[in-house]
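The structure appears below as structure tokens.
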Amino acid sequence: KAFPEGRHVAEAQGLLDRVAREATRYEQATSKRDEEALRAFLREYPQSKHAAAVQKLAAEVEKERLGWEAIAKQRDVPALEAYLKSYPASKFKAEATKLAETLRAEDGAFGNLQKAKTPALCRDFLKQYAASPRVQQAKAWLDELEEASWQKTKTTGNAAKLYRAYLEDFPEGKHAAEAKSILERI
């Protein structure tokens, strides 16, 4: 402003615009804690007075992301709780909280299933927690229950009642067609 007609006005205005753009990009990148935006800032402004702070923040955000990726794969409630304690403002907080709640519910459902192995509980668990690593165990229990029910049906009196009970518990079971056929003949 001291030399509005000076020969360096355009150059000075260009520098002011660059500083303003840099300040805007710095604010955007740091306020969102977005890893890609932080890296983009460093690529665009490697000599910025903010470069060291942005580099440090980018490393922290990357560590947070890598931590989340590792914890999410573990499917471990105490590990999720430790992650949330370490990163209370994490952008993954909602996902981590939801996963912890889901895993707690899964633990409870599996505990109930272990205590009272019934076909209905097995099916409910398989339906609700299809991605659980415990699915194979629930399927094995359901198969055992079906086979025990079938054996009981074949070796006990009052066959019609037991065949109907088998079909009620295992309408799509391995022996369903046979049970229906026997009931038709009784």
- Message: Can you tell me how far apart CD (Gln28) and OG1 (Thr24) are? Round to the nearest 0.5 Å.
- Response: 6.5 Å
- Item | Nearest atoms (heavy-atom pairs only) where Leu142 meets Pro119 | CD1-CA, 3.8 Å
- Atom pair CG/CD1 of Leu66 and Ile71 - distance to nearest 0.5 Å: 11.5 Å
- Message: Are Leu99 and Tyr87 connected into the same hydrophobic cluster when the rule is that any two of I, L, V, M, F, W, Y join if their side-chain heavy atoms are below 4.5 Å apart?
- Response: yes
- Rounding to 0.5 Å, atoms NZ (Lys56) and CG (Leu38) come to a distance of 13.5 Å
- Item | Atom of Lys49, atom of Glu22 and distance for their closest heavy-atom approach | N-OE2, 4.1 Å
- Query: Taking the side chain from Glu60 and the backbone from Arg33, do they hold a donor-acceptor pair closer than 3.5 Å?
  - Reply: no
- Looking at Ala79 and Gln74, what are the two nearest heavy atoms and their distance? CB-OE1, 3.4 Å
- Sub-3.5 Å donor-acceptor pair from the side chain of Thr97 to the main-chain atoms of Lys93, do we have one? yes
- Spell out, as yes or no, whether a donor-acceptor pair under 3.5 Å connects the side chain of Ser149 to the backbone of Leu145. no
- Query: Given side chains that start at C-beta, do those of Phe41 and Ser48 come closer than 4.5 Å, heavy atoms only?
  - Reply: yes
- Query: Out of curiosity, does Trp150 fall in the hydrophobic cluster containing Leu183 (side-chain heavy atoms, cut-off under 4.5 Å, transitive links)?
  - Reply: yes
- Would you call the rings of Tyr83 and Trp68 parallel, tilted or perpendicular, where under 30° means parallel and over 60° means perpendicular? tilted
- Check: His175 main-chain N/O paired with Tyr166 side-chain donor or acceptor under 3.5 Å: yes
- Please lay out, stage by stage, how Gln55 and Arg39 fare under the test side-chain contact (heavy atoms from CB on, under 4.5 Å). CA-CA 8 Å; Gln55 183 67 41; Arg39 300 280 181 219; 3.6 Å; yes
- Any chance you could measure Glu81, atom CD, to Asp76, atom CG, to the nearest 0.5 Å? 9.0 Å
- So, Arg21 and Glu44, do they make that salt bridge, N to O below 4.0 Å? no
- Are the charged groups of Glu35 and Lys91 less than 4.0 angstrom apart, N to O? no
- Kindly say whether Lys174 contributes a backbone atom to a donor-acceptor pair with the side chain of Glu146 at under 3.5 angstrom? yes
- Item | Closest approach of Ala130 to Val135 (non-hydrogen atoms, all atoms of both residues) | O-CG2, 3.4 Å
- Message: Please find the pair of heavy atoms, one from Leu126 and one from Ala138, that lie closest to each other, and give the distance.
- Response: CD2-CB, 3.7 Å
- Identify whether Phe110 and Leu103 are in the same connected component of the hydrophobic contact network (ILVMFWY, side-chain heavy atoms under 4.5 Å). no
- Query: Is Glu168 atom CD crowded by more than 12 heavy atoms from other residues, nucleotides or ligands, each under 6.0 Å away?
  - Reply: no
- Query: According to a 4.5 Å side-chain heavy-atom criterion applied to Ile, Leu, Val, Met, Phe, Trp and Tyr, with indirect links allowed, do Val77 and Phe92 form part of one hydrophobic cluster?
  - Reply: yes
- Heavy atoms of Lys180 and Pro171 approach each other most closely as NZ-O, 4.4 Å
- Query: When you check the gap from the basic side-chain N to the acidic O, do Glu69 and Arg65 get nearer than 4.0 Å?
  - Reply: yes
- Rounded distance (nearest 0.5 Å) linking atom CZ of Arg75 with atom OG1 of Thr102: 8.5 Å
- Query: In terms of side-chain geometry, is the basic nitrogen of Asp107 or Arg134 positioned less than 4.0 Å from the acidic oxygen of its partner?
  - Reply: yes
- Note on the structure: Here the gap from Lys115 atom NZ to Leu121 atom CG, rounded to the nearest 0.5 Å, amounts to 11.5 Å
